[in-house]
Amino acid sequence: MSRIEPPVGGTTDPRVLLATTNNAAWCTSMCRAHGLEPHQDRQRWWSTSRTPLYYPDVVTLDPALSIGDVLAEVDTSTGCSVKDSFATLDLTAAGFHELFEADWIHRPALGAAGRIDGAVSGWRAEVVKDEHGLQQWIRGWGEDGGRLFMPALLHDSDVRLVRMVEGDQTVGVAALNRSPGAVGVSNLACTRASVEQVWQLIAGLASALFPAHDLVGYEQGKDLVAARAAGFSQVGPLRVWAV
């Protein structure tokens, strides 16, 4: 159970810490919406009960955390997953395999300049307010959404489920969650628009709703390319491990 050391002399980028803390807050919101009560200290976020589909059982918040501490109080049976927020762990000896790699992303707060970028004629932005809107949002998100996104999220003051709409048709959706200093952009999906257009629109909406907050998240592949085009920077790697 070795731990891969971070670069000698390196200091964790504060933007990564902002993103990891925000991601832990989003995991808390999702777990509470499912009736679970997770735990968090300065080193990690974790749940003693199995988390919702696609959500980790542990999120590391300290790159120096030992593997024993990472997995303490966690059900490590089949289905367990760990978000290695700093890509510093090797969990293979503990029975895990690497599920995927991604990059944390960050876009500075725009302040009074916050606006909806890349607006398209006939499109509008909506924040989901009720269960009817939630069902439309879930249809835009895709398969398994009904098992994941509970109505309780609509009553979480730090969560906004947003969608871009053309007429009565959903163009794209995303989840926004607020934590101190940051708003996370996650679960972005597009239906009738390009991923680049939806990233521009959703990022602009997030900045307009929360102009004093930096935007953070993590992505890979074409979504990472689209996020960069929308003004985000890659600020550090992460890995997700699973049993």
Side-chain angles (χ1 to χ4, degrees), residues 19 22-23 26 29-30 33 52-55 102-103 105-178 182-234:
N22 175 270
N23 186 252
W26 172 239
S29 289
M30 283 296 291
L53 183 67
Y54 306 131
Y55 281 79
D103 282 274
I105 57 174
H106 173 271
R107 177 167 129 166
L110 297 182
R115 65 195 185 282
I116 299 179
D117 296 327
V120 177
S121 177
W123 291 11
R124 68 184 187 277
E126 290 186 351
V127 176
V128 174
K129 300 292 187 182
D130 54 31
E131 292 197 31
H132 174 68
L134 176 61
Q135 292 307 310
Q136 292 177 307
W137 190 97
I138 287 171
R139 284 195 292 272
W141 190 85
E143 190 177 358
D144 294 326
R147 290 196 287 158
L148 275 174
F149 302 101
M150 300 290 104
L153 289 170
L154 303 178
H155 307 292
D156 187 326
S157 62
D158 289 322
V159 171
R160 305 287 188 277
L161 299 180
V162 299
R163 67 185 189 122
M164 308 308 297
V165 181
E166 181 182 23
D168 60 354
Q169 299 296 312
T170 300
V171 173
V173 302
L176 308 177
N177 78 289
R178 178 175 53 188
V183 166
V185 182
S186 66
N187 291 281
L188 186 143
C190 37
T191 55
R192 302 179 61 199
S194 71
V195 65
E196 292 82 9
Q197 286 176 309
V198 174
W199 264 102
Q200 290 281 350
L201 290 162
I202 295 295
L205 174 60
S207 288
L209 289 171
F210 304 102
H213 289 67
D214 291 7
L215 303 184
V216 295
Y218 71 90
E219 292 298 342
Q220 60 178 171
K222 66 180 182 179
D223 278 288
L224 178 58
V225 173
R228 287 178 58 86
F232 288 82
S233 299
Q234 292 171 245

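Numbers here are sequence positions counted from 1. Keep in mind the model is a prediction, meaning the values are calculated, not measured. Side-chain atoms are counted along with the backbone in the values below, which use heavy atoms only and exclude waters and symmetry mates.
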Could you pull out the closest heavy-atom pair between [X] and [Y], with the gap in Å?
{"X": "Ala189", "Y": "Val198", "result": "O-CG1, 4.2 Å"}
{"X": "Trp137", "Y": "Arg163", "result": "CD1-CB, 4.2 Å"}
{"X": "Leu205", "Y": "Ala125", "result": "CD2-CB, 3.7 Å"}
{"X": "Ala109", "Y": "Asp214", "result": "N-OD1, 3.0 Å"}
{"X": "Ala227", "Y": "Ile105", "result": "CB-CD1, 3.8 Å"}
{"X": "Arg147", "Y": "Leu53", "result": "NH2-CD2, 3.4 Å"}

| said: Evaluate Ser29 against Asp156 for side-chain hydrogen bond (donor to acceptor under 3.5 Å, both in side chains), listing each step before the verdict. | reply: CA-CA 7 Å; Ser29 289; Asp156 187 326; 2.8 Å; yes
| request: Measure up the Trp141 and Tyr54 rings against each other and bin them: parallel (under 30°), tilted (30 to 60°), perpendicular (over 60°). | output: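 Judged by the thresholds at 30° and 60°, the geometry between Trp141 and Tyr54 is tilted.
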| Mutual orientation of the aromatic rings belonging to Phe210 and His213 [parallel < 30°, tilted 30-60°, perpendicular > 60°] | perpendicular
Look only at the side chain of [X] and the backbone of [Y], and say whether a donor-acceptor pair between them is shorter than 3.5 Å.
{"X": "Gln197", "Y": "Ser194", "value": "yes"}
{"X": "Thr191", "Y": "Val171", "value": "yes"}
{"X": "Gln200", "Y": "Ala229", "value": "yes"}
{"X": "Asn177", "Y": "Asn22", "value": "yes"}
{"X": "Arg160", "Y": "Leu154", "value": "no"}

Inter-residue atom distance [X].[atom1] - [Y].[atom2], 0.5 Å rounding:
{"X": "Met164", "Y": "Glu126", "atom1": "CE", "atom2": "CD", "answer": "9.0 Å"}
{"X": "Trp199", "Y": "Leu188", "atom1": "CH2", "atom2": "CG", "answer": "5.5 Å"}
{"X": "Arg228", "Y": "Ser233", "atom1": "CZ", "atom2": "OG", "answer": "6.5 Å"}

Is there a side-chain contact between [X] and [Y], using heavy atoms and a 4.5 Å cut-off?
{"X": "Met30", "Y": "Leu153", "value": "yes"}
{"X": "Ile138", "Y": "Gln135", "value": "yes"}
{"X": "Val159", "Y": "Trp26", "value": "yes"}
{"X": "Asp223", "Y": "Val195", "value": "yes"}
{"X": "Met150", "Y": "Pro52", "value": "no"}
{"X": "Val185", "Y": "Leu176", "value": "yes"}
{"X": "Val183", "Y": "Leu209", "value": "no"}

